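On a predicted model such as this, the values are computed, not experimentally measured, just so you know.
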Protein chains: 2
Amino acid sequence: MYRMTETLGLASSLRRGTLEFCVLALLDDHPRYGVGLAQELGAAGALATTEGTLYPLLSRLRRSGWVATSWQESPAGPPRRYYTLTRDGHAALEHFRAEWVAFRDAVDLIVGTEIR
Amino acid sequence: MYRMTETLGLASSLRRGTLEFCVLALLDDHPRYGVGLAQELGAAGALATTEGTLYPLLSRLRRSGWVATSWQESPAGPPRRYYTLTRDGHAALEHFRAEWVAFRDAVDLIVGTEIR
DNA sequence: GTGACTACCTTGCAGCGCAAGGTACCATGT
DNA sequence: ACATGGTACCTTGCGCTGCAAGGTAGTCAC
């Protein structure tokens, strides 16, 4: 019998390597703060993630110089840290797009999911 | 300046989580041996991988019961270990296809690569 | 027997997503 | 002033998998 428990981590494995670029792409649209990013990714279904993933990820992006941050007052609550795409971040995103398309098409071809 | 060295591992990160299913898909076509699989993946460009990855991966598939193996003489060289997709393996592959399509479309939508 | 080719296997590591734990600010009510 | 609830951010420990590097072993030709 096919064991469902052996694939429960599949979506998580798929996210690995792409999630940070999805974050860059969201920031390409306009600056956002942490929880806002989490909500947008959650809305994308297959890209939903947790704070334990998101904040270290944002920290890595910051240290890479791909995003810059600034603090702003929130309407009613603690201050929010906004993230903005840098020039380097934009370049990294462009590079990812090319790599992703090549990878995606290769997988589609082998797996047989290219018919859309 | 955008640091190219920071993305050299990008293709590798993308492969993570999908490579084993690409192997299952190749075996869905017909049984193959290790080096043959490596060559097919290599031909797919973005899915090229190393023996250090492939053999532990095949070992995991075997222990999961997703593939069965048998030894066959080679034309001129050492014997080859052939891998065949099991019923469980086929089911796992079908499940991956659904998850992959959902994930792929979500990334395409966010990153802006949905126009094909 | 030696060397080249072919095929398979294992080990150690880096890096990232998850789960769980934590700190801190603001607003409201007592 | 203090407690509570909501909001926002952060860190740590872990499991997992692809890569790099090291290894064993069978076949064939010389």
A:Thr53 side-chain N/O to C:dC18 phosphate OP1/OP2 under 4.0 Å: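 So the side-chain polar atoms of A:Thr53 do come within 4.0 Å of the phosphate oxygens OP1 or OP2 of C:dC18, strictly under.
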Counting just side-chain N and O atoms, does B:Ser74 come under 4.0 Å of either OP1 or OP2 of D:dT27?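 No, B:Ser74 has no side-chain N/O under 4.0 Å of OP1/OP2 on D:dT27.
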Using the closest heavy atom to pick a nucleotide of DNA chain D for each, name whichever of B:Glu51 or B:Arg60 lands nearer the 5' end.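 This one resolves to B:Arg60.
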By nearest nucleotide on DNA chain D, pick out whichever of A:Ser59 and A:Ser13 is the more 5' one. A:Ser59
Without decimals, in angstroms, what is the distance between [X] [atom1] and [N] [atom2]?
X	N	atom1	atom2	value
A:Leu57	C:dA19	CG	P	16 Å
A:Leu54	C:dC16	CG	P	14 Å
A:Glu73	D:dT7	CD	P	17 Å
A:Leu37	D:dT7	CG	P	17 Å
A:Leu10	D:dC16	CG	C1'	13 Å
A:Arg15	D:dC16	CZ	P	16 Å
B:Arg32	C:dA7	CZ	C1'	17 Å
B:Tyr33	C:dC5	OH	C1'	12 Å

Just verifying a value: how many Å separate [X] [atom1] and [Y] [atom2], rounded to the nearest 0.5 Å?
X	Y	atom1	atom2	value
A:Phe96	B:Ser13	CZ	OG	10.0 Å
A:Arg60	A:Tyr55	CZ	OH	14.5 Å
B:Leu27	B:Tyr83	CG	OH	9.5 Å

Side chain of [X] only, heavy atoms from C-beta on: which candidate in [options] is closest?
X	options	value
A:Pro78	C:dC9, C:dC18, C:dC26	C:dC26
A:Tyr55	C:dC18, D:dC28, D:dC10	D:dC10
A:Tyr83	D:dG26, D:dC10, D:dC19	D:dC10
B:Ser12	C:dG17, D:dT12, D:dG18	D:dG18
A:Arg80	D:dT12, C:dC8, D:dC9	D:dC9

Exercise: identify the closest heavy-atom pair between A:Glu20 and A:Leu61: OE1-CD2, 3.8 Å
Please check if the side chain of B:Arg32 supplies one atom and the backbone of B:Leu26 the other of a donor-acceptor pair under 3.5 Å. yes
Students often get this wrong, so: under 4.0 angstrom with heavy atoms, is [X] touching a base, only sugar-phosphate, or nothing?
X	answer
B:Leu58	nothing
B:Gly34	sugar-phosphate
B:Leu19	sugar-phosphate

Checking only heavy atoms, does the side chain of B:Arg16 share a donor-acceptor pair with the base of D:dC16 at less than 3.5 Å? yes
Heavy-atom side-chain contact between A:Val111 and B:Leu24 under 4.5 Å: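 They are not in contact (no side-chain heavy atoms under 4.5 Å apart), so the answer is no.
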On DNA chain C, compare the nucleotides closest to A:Thr50 and B:Trp71; which residue's is nearer the 5' end?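 First, find each residue's nearest nucleotide; the 5'-ward one identifies B:Trp71.
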